[in-house]
Amino acid sequence: GREYEEPYDSLVLAPGAAPVRPPLPGIDLPGIFALRSIPDSRHIREWIDAKKATRAVIVGGGFIGLEMTENLVHRGLSVTLIEKLPQVMAVLDPEMVTTVHCGLRQAGVDLRLGEGVAEFRQLDDGRLGVASDAGALYEADMVILAIGVRPETALARQAGLEIGARGGIRTDEHMRTDDPHIWAVGDAVEVRDTVTGEWTLIPLAGPANRQGRIAADNIFGRPSRFRGVQGTAVCGLFDLVIACTGASERTLQRIGMPYEKVYLHPGHHVGYYPGATPIDMKLLYAPDDGRILGAQAVGAEGVDKRID
């Protein structure tokens, strides 16, 4: 509670990213949560227990939305998942998430694709109502907003630091900003995609950890470099594992990069040993030299190791 000045030789900004809360009617009603921190998860659990919640609506089908869906289903809640895009997990190409959609529905999730949220309402019985732009109204005891995150750059902007076109703090390969005494790391910074060369935002723990170490190295005189990211990610969902690395076909088409693709459906272990389950794989590669541009996989077992 005290305001004071602290001198520094080197300053590291690591403010992270904040959940997106669009200015929709009723978005500040009690029972509407976003998940960023451990206290957030504690508040969600306390609400479930206090309200004896039985039904939840989750807005957004990315990593956080899917992981919250699984956890709430395991807690015995009925879950409606609303996603504005025609698919969940937008980092994957559309044909690769068919199995994911089936898995969600088999787990009892009411999956609503191609619907956005228009407003939130307080219903007469005290429950929440989530009105979609398709004209539907979903009743719930609680709502989880998992629409995405945006970099926390308020302090960096006030300090006059360069902000990139994607809205993140711009740094060099040593994680130094355009102020020679200030570094920035984590979800707040823009990073180079090693496949496409584009600036992008990758709010993942692995790159953030590495960036922090690289910033520390450089502050203490060791010239470490951050080579960029390839967007490797993995997510468990009920009995499935979903993983990807590198560029998607959608991204390669957008930037006009030549590519070829192959689909594979191997068993997760050799066929002569019983119990093998299939893995759906998609591999994208450069036609001139065979360089791998991206890979995606969905299955029950062995998915994470294939993408590794």
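- Using a 4.5 Å heavy-atom threshold, the side chains of Thr232 and Cys244 count as separate.
- Under a hydrophobic clustering in which Ile, Leu, Val, Met, Phe, Trp and Tyr are joined whenever their side-chain heavy atoms come within less than 4.5 Å, directly or via other members, Trp47 and Leu35 fall into the same cluster.
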Worksheet item: Would Val79 and Glu70 count as a side-chain contact (heavy atoms from CB on, under 4.5 Å) if you check the C-alpha gap in whole Å, the side-chain angles of each, and the deciding distance to 0.1 Å?
Response: CA-CA 9 Å; Val79 176; Glu70 181 182 29; over 6 Å; no

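- For the atom pair CD1 (Ile202) and CD (Glu190), the distance works out to 11.0 Å, reported to the nearest 0.5 Å.
- Within the 4.5 Å cutoff, side-chain heavy atoms of Leu252 are placed close to those of Leu293.
- Counting heavy-atom neighbours within 6.0 Å of Arg210 CZ, excluding the residue itself, gives a total of 12 or less.
- Tyr263 and Val100 fall within the same hydrophobic cluster, defined by Ile, Leu, Val, Met, Phe, Trp and Tyr side-chain heavy atoms under 4.5 Å apart, directly or through other members.
- Between the side chain of Arg75 and the backbone N or O of Asn71, no donor-acceptor pair lies under 3.5 Å.
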Fill in: Criterion side-chain contact (heavy atoms from CB on, under 4.5 Å) on His101 and Leu113, from CA distance to verdict
CA-CA 10 Å; His101 294 163; Leu113 300 173; 3.6 Å; yes

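- Between the Asp40 side chain and the Arg36 main chain, a donor and an acceptor come within less than 3.5 Å of each other.
- Taking every heavy atom of both residues into account, Leu92 and Met96 meet most closely at CD2-CB, 4.0 Å.
- In this structure, Asp9 places its CG atom where only 12 or fewer heavy-atom neighbours from other residues, nucleotides or ligands lie under 6.0 Å away.
- Within a 6.0 Å radius of CG in Asp239, no more than 12 heavy atoms belonging to other residues, nucleotides or ligands are found.
- Nearest heavy-atom pair, Gly186 versus Gln211, reported as atom, atom and distance to 0.1 Å: N-OE1, 2.7 Å.
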Under the side-chain contact (heavy atoms from CB on, under 4.5 Å) rule, what do Lys261 and Leu283 come out as? Steps first, then yes or no, please. CA-CA 6 Å; Lys261 62 183 176 180; Leu283 187 74; over 6 Å; no

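- Put simply, Leu104 and Val130 are part of two different groups of oily side chains (I, L, V, M, F, W, Y) that touch within less than 4.5 Å, one to the next.
- In the hydrophobic clustering of ILVMFWY residues, with side-chain heavy atoms under 4.5 Å counting as a link, Phe226 and Ile219 come out together.
- Side-chain N or O atoms of Asp172 include one that pairs as donor or acceptor with a backbone N or O of Arg176 at under 3.5 Å.
- Proximity of a side-chain donor or acceptor of His43 to a complementary backbone N or O of Phe33 within less than 3.5 Å is not detected.
- Side-chain N or O atoms of Glu198 include none that pairs as donor or acceptor with a backbone N or O of Thr200 at under 3.5 Å.
- Here the side chain of Arg150 pairs no donor or acceptor atom with the backbone of Gly167 at under 3.5 angstrom.
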| task | Before giving the answer on salt bridge (charged side-chain N to carboxylate O under 4.0 Å, His left out), spell out for Asp280 and Lys282 the whole-Å C-alpha distance, their side-chain angles and the decisive distance to 0.1 Å. | result | CA-CA 7 Å; Asp280 299 324; Lys282 179 179 184 177; over 6 Å; no

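- For the atom pair Leu284 CG and Ser248 OG, the distance stands at 7.5 Å (nearest 0.5 Å).
- A donor-acceptor distance shorter than 3.5 angstrom exists from the side chain of Asp93 to the backbone of Arg250, with no hydrogens or angles considered.
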Criterion salt bridge (charged side-chain N to carboxylate O under 4.0 Å, His left out) on Lys52 and Asp141, from CA distance to verdict = CA-CA 9 Å; Lys52 294 181 172 54; Asp141 299 303; over 6 Å; no

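- Taking all atoms of both residues into account, the shortest heavy-atom contact from Arg121 to Ala131 is NH2-CB, 3.9 Å.
- Phe238 is listed as a side-chain neighbour of Val73, based on a closest heavy-atom distance under 4.5 Å.
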- Check the pair Asp28 / Arg21 against salt bridge (charged side-chain N to carboxylate O under 4.0 Å, His left out), numbers first and verdict last. CA-CA 9 Å; Asp28 294 320; Arg21 292 182 71 93; 3.6 Å; yes

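- Contact of the Phe120 side chain with the Leu145 side chain is registered, since non-hydrogen atoms from C-beta on lie closer than 4.5 Å.
- Asp124 CG: 12 or fewer foreign heavy atoms inside a 6.0 Å radius.
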Quick one, Val298 with Ile279, criterion side-chain contact (heavy atoms from CB on, under 4.5 Å). Give me CA distance, side-chain angles, the key distance, then yes/no.
CA-CA 6 Å; Val298 179; Ile279 300 174; over 6 Å; no

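- When the shell of 6.0 Å around CD1 of Ile292 is examined, it contains 12 or fewer heavy atoms from other residues, nucleotides or ligands.
- Enclosure of atom OH in Tyr273 is not indicated, since only 12 or fewer non-hydrogen atoms of other residues, nucleotides or ligands lie within 6.0 angstrom.
- Taken together through direct or relayed side-chain contacts under 4.5 Å among Ile, Leu, Val, Met, Phe, Trp and Tyr, Val59 and Leu111 form parts of separate hydrophobic clusters.
- The shortest side-chain heavy-atom distance between His181 and Ser10 does not fall under the 4.5 Å cut-off.
- Of all heavy-atom pairs between Gly26 and Ile32, the closest is O-CD1, 3.4 Å.
- For the pair Glu115 (side chain) and Ile82 (backbone), a donor-acceptor distance under 3.5 Å is absent.
- Going from atom CZ of Arg157 over to atom CD1 of Ile163 covers 5.0 Å, rounded to the nearest 0.5 Å.
- Between the side chain of Arg306 and the backbone N or O of His268, at least one donor-acceptor pair lies under 3.5 Å.
- At least one side-chain heavy atom of Asn218 sits less than 4.5 Å from a side-chain heavy atom of Trp183.
- Ile147 is not listed as a side-chain neighbour of Val117, based on a closest heavy-atom distance of 4.5 Å or more.
- Side chains of Pro22 and Ile27 form a contact here, defined as non-hydrogen atoms less than 4.5 Å apart.
- The shortest non-hydrogen separation linking Glu152 to Ala188 is O-CB, 3.9 Å.
- Just one of Thr153, Asp178, Leu155, Thr171 meets the side chain to side chain contact (heavy atoms under 4.5 Å, CB included) condition when paired with Leu161; it is Asp178.
- Put simply, CG on Leu29 and CE on Met142 are 14.0 Å apart, with the number rounded to the nearest 0.5 Å.
- Here Leu237 contributes atom CG and Ile242 contributes atom CD1; the two are 5.0 Å apart, rounded to the nearest 0.5 Å.
- With 3.5 Å as the limit, one finds no donor-acceptor pair spanning the side chains of Glu301 and Thr277.
- Not a single donor-acceptor pair under 3.5 Å links the side chain of Thr251 to the backbone N or O of Ala247.
- The number of heavy-atom neighbours closer than 6.0 Å to CZ of Arg213, taken from other residues, nucleotides and ligands shown, is 12 or below.
- Distance check: Glu83 CD to Gln87 CD gives 8.0 Å after rounding to the nearest 0.5 Å.
- The heavy-atom pair separating Ala118 from Pro25 by the smallest distance is O-CD, 3.5 Å.
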